[in-house]
Amino acid sequence: MMNLKGKSAAIIGGGVIAERKAAALLEAGAAVTIISPLVTAGLCKLISEEKCTWKEKCFENKDAAGFFIIIAATDNLLVNREVKQAASDNQLVLMIDDPHLSDFQVPAMVRRGKLTLTVSTDGASPKLAKKIKKQLSQTYDERYVNYLEFLQQSRRFILENVRDPAWKSSLLEQIISDEFLHETDRKAAFQKLYESYLTGMGQSRTL
């Protein structure tokens, strides 16, 4: 859940896992450097499109310098250990073959606009994490993209216009109900809900 925009990231290794990690880092806005004598076709495409930098070489200790995040993604246990040892205390290292020696983990993730759901098994079973991710993606489908936009706008309105704490709590609770999730015209439904609270006070306001 870190903001990686503009942060420098090194991936040691050029295989399928390295390709997947590179794609995730690029999506997060990181500046990615691949350090590996060989790379996959997918990584080669990213490199040719100048989306990431490639150092076509085997890892050396000096290669770890200057990066905010380092991912040791080779298929060689000893090389991955060398990467960890070469990193300084202020660098974050992810070792794909040893979560307990890593400084952080990258969970399986489902994104629906402003909604982010993550699943982690602490390295015990990545396949289970993937299975649960699939289940979550089916439950929290594309409807949640617009729904979160609605919730953000409605919450802002409630906080700005409703002074009574009980009213605030009640309105905020009601807009997260299944009724509003499935509602085709949420704005009209919210207008009706809000006006129901103002009726007894003789007030009215159009959203």
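Everything numeric here is computed off the predicted structure, so don't read it as measured data.
Closest approach of Pro107 and Thr118 over heavy atoms only: CG-CB, 3.6 Å. Smallest separation of non-hydrogen atoms from Ala73 and Ile96: CA-CD1, 3.5 Å. Of all non-hydrogen atoms in Ala64 and Gln91, the two that sit nearest each other are O-NE2, 2.7 Å. Closest non-hydrogen pair, Ser36 versus Trp54, comes out as O-NE1, 2.7 Å. Across all non-hydrogen atoms, the minimal contact from Val119 to Ala129 is CG1-CA, 3.9 Å. Annotation for Val93 and Ala87: closest pair CG2-CB, 3.4 Å, computed over non-hydrogen atoms.
Evaluation of the side-chain hydrogen bond (donor to acceptor under 3.5 Å, both in side chains) rule for Ser170 yields Gln174, Tyr197 as partners, not counting sequence neighbours. Applying the side-chain hydrogen bond (donor to acceptor under 3.5 Å, both in side chains) rule to Asp89 yields no partners; only residues at least two apart in sequence or on another chain are considered.
A side-chain hydrogen bond (donor to acceptor under 3.5 Å, both in side chains) check over residues 122-139, counting only residues at least two apart or in different chains, returns nothing. For the side-chain hydrogen bond (donor to acceptor under 3.5 Å, both in side chains) condition, the pairs that include at least one residue of residues 69-79, sequence neighbours left out, are Thr74-Asn80. Sorted by first and then second residue, the ring-ring contact (aromatic ring centres under 6.0 Å, His included) pairs with a member in residues 98-148 read Tyr140-Tyr144, Tyr144-Tyr147; sequence neighbours excluded. Residue pairs meeting the side-chain hydrogen bond (donor to acceptor under 3.5 Å, both in side chains) criterion with at least one partner in residues 103-113, sequence neighbours excluded, are Glu27-Arg111, Lys84-Asp103. Pairs engaging residues 150-175 under the salt bridge (Lys or Arg N to Asp or Glu O under 4.0 Å) rule: none recorded [sequence neighbours left out]. Identified under the salt bridge (Lys or Arg N to Asp or Glu O under 4.0 Å) test for residues 56-72, with sequence neighbours left out: Lys57-Glu60, Lys57-Asp63.
Side-chain contact between Leu171 and Val162 is present, with heavy atoms from C-beta onward closer than 4.5 Å. Counting only heavy atoms from C-beta outward, the side chains of Ile158 and Phe190 approach each other to under 4.5 Å.
Between the side chain of Ser154 and the backbone N or O of Phe150, at least one donor-acceptor pair lies under 3.5 Å. Checked by atom type and distance alone, the side chain of Ser196 pairs as donor or acceptor with a backbone atom of Leu193 at under 3.5 Å. Although no hydrogens or angles enter the test, the distance criterion places a donor-acceptor pair under 3.5 Å between the side chain of Ser48 and the main chain of Lys45.
Hydrophobic clustering (ILVMFWY, side-chain heavy atoms < 4.5 Å, transitive): Phe59 and Phe67 are in one cluster. No path of Ile, Leu, Val, Met, Phe, Trp and Tyr side chains, each step under 4.5 Å between heavy atoms, connects Met2 with Leu115, placing them in separate hydrophobic clusters. A continuous path of Ile, Leu, Val, Met, Phe, Trp and Tyr side chains, each step under 4.5 Å between heavy atoms, connects Val106 with Leu43, placing both in one hydrophobic cluster. Both Leu136 and Ile176 are part of a single hydrophobic cluster, where members link through side-chain heavy atoms under 4.5 Å apart. Under the 4.5 Å side-chain heavy-atom criterion for ILVMFWY residues, no single connected hydrophobic cluster contains both Met95 and Leu92.
Taking Ile, Leu, Val, Met, Phe, Trp and Tyr as hydrophobic and joining them when side-chain heavy atoms fall under 4.5 Å apart, one finds Val145 isolated, its cluster having no other members. Residues near Leu159 contribute nothing to a hydrophobic cluster around it, because no ILVMFWY side-chain heavy atom sits closer than 4.5 Å to its side chain. Grouped by direct or indirect side-chain proximity (heavy atoms under 4.5 Å, Ile/Leu/Val/Met/Phe/Trp/Tyr only), Leu77 sits alone.
Atoms CD1 and CG, from Ile71 and Leu94 in turn, are 5.0 Å apart once rounded to the nearest 0.5 Å. Distance CD1/Ile35 to CD1/Ile70: 8.0 Å, rounded to 0.5 Å. Between atom CZ of residue Phe180 and atom CG of residue Asp185 there is a gap of 10.5 Å, rounded to the nearest 0.5 Å.
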Could you go through the side-chain contact (heavy atoms from CB on, under 4.5 Å) check for Ile34 and Thr53 one step at a time?
CA-CA 6 Å; Ile34 309 295; Thr53 302; over 6 Å; no
Dump the intermediate steps for side-chain hydrogen bond (donor to acceptor under 3.5 Å, both in side chains) on Gln153 and Glu149, then the final yes or no.
CA-CA 6 Å; Gln153 295 172 11; Glu149 294 291 340; 4.6 Å; no
Side-chain polar contacts of residues 4-22 - donor-acceptor pairs under 3.5 angstrom, sequence neighbours left out - could you list them?
residue : atom : partner : partner atom : Å
Ser8    : OG   : Gly66   : O            : 3.3
Ser8    : OG   : Phe68   : N            : 3.2
Glu19   : OE1  : Thr40   : OG1          : 2.6

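Taking the six-membered ring where tryptophan is involved, the planes of Phe157 and Tyr194 are perpendicular, since the angle between them exceeds 60° and thus also 30°.
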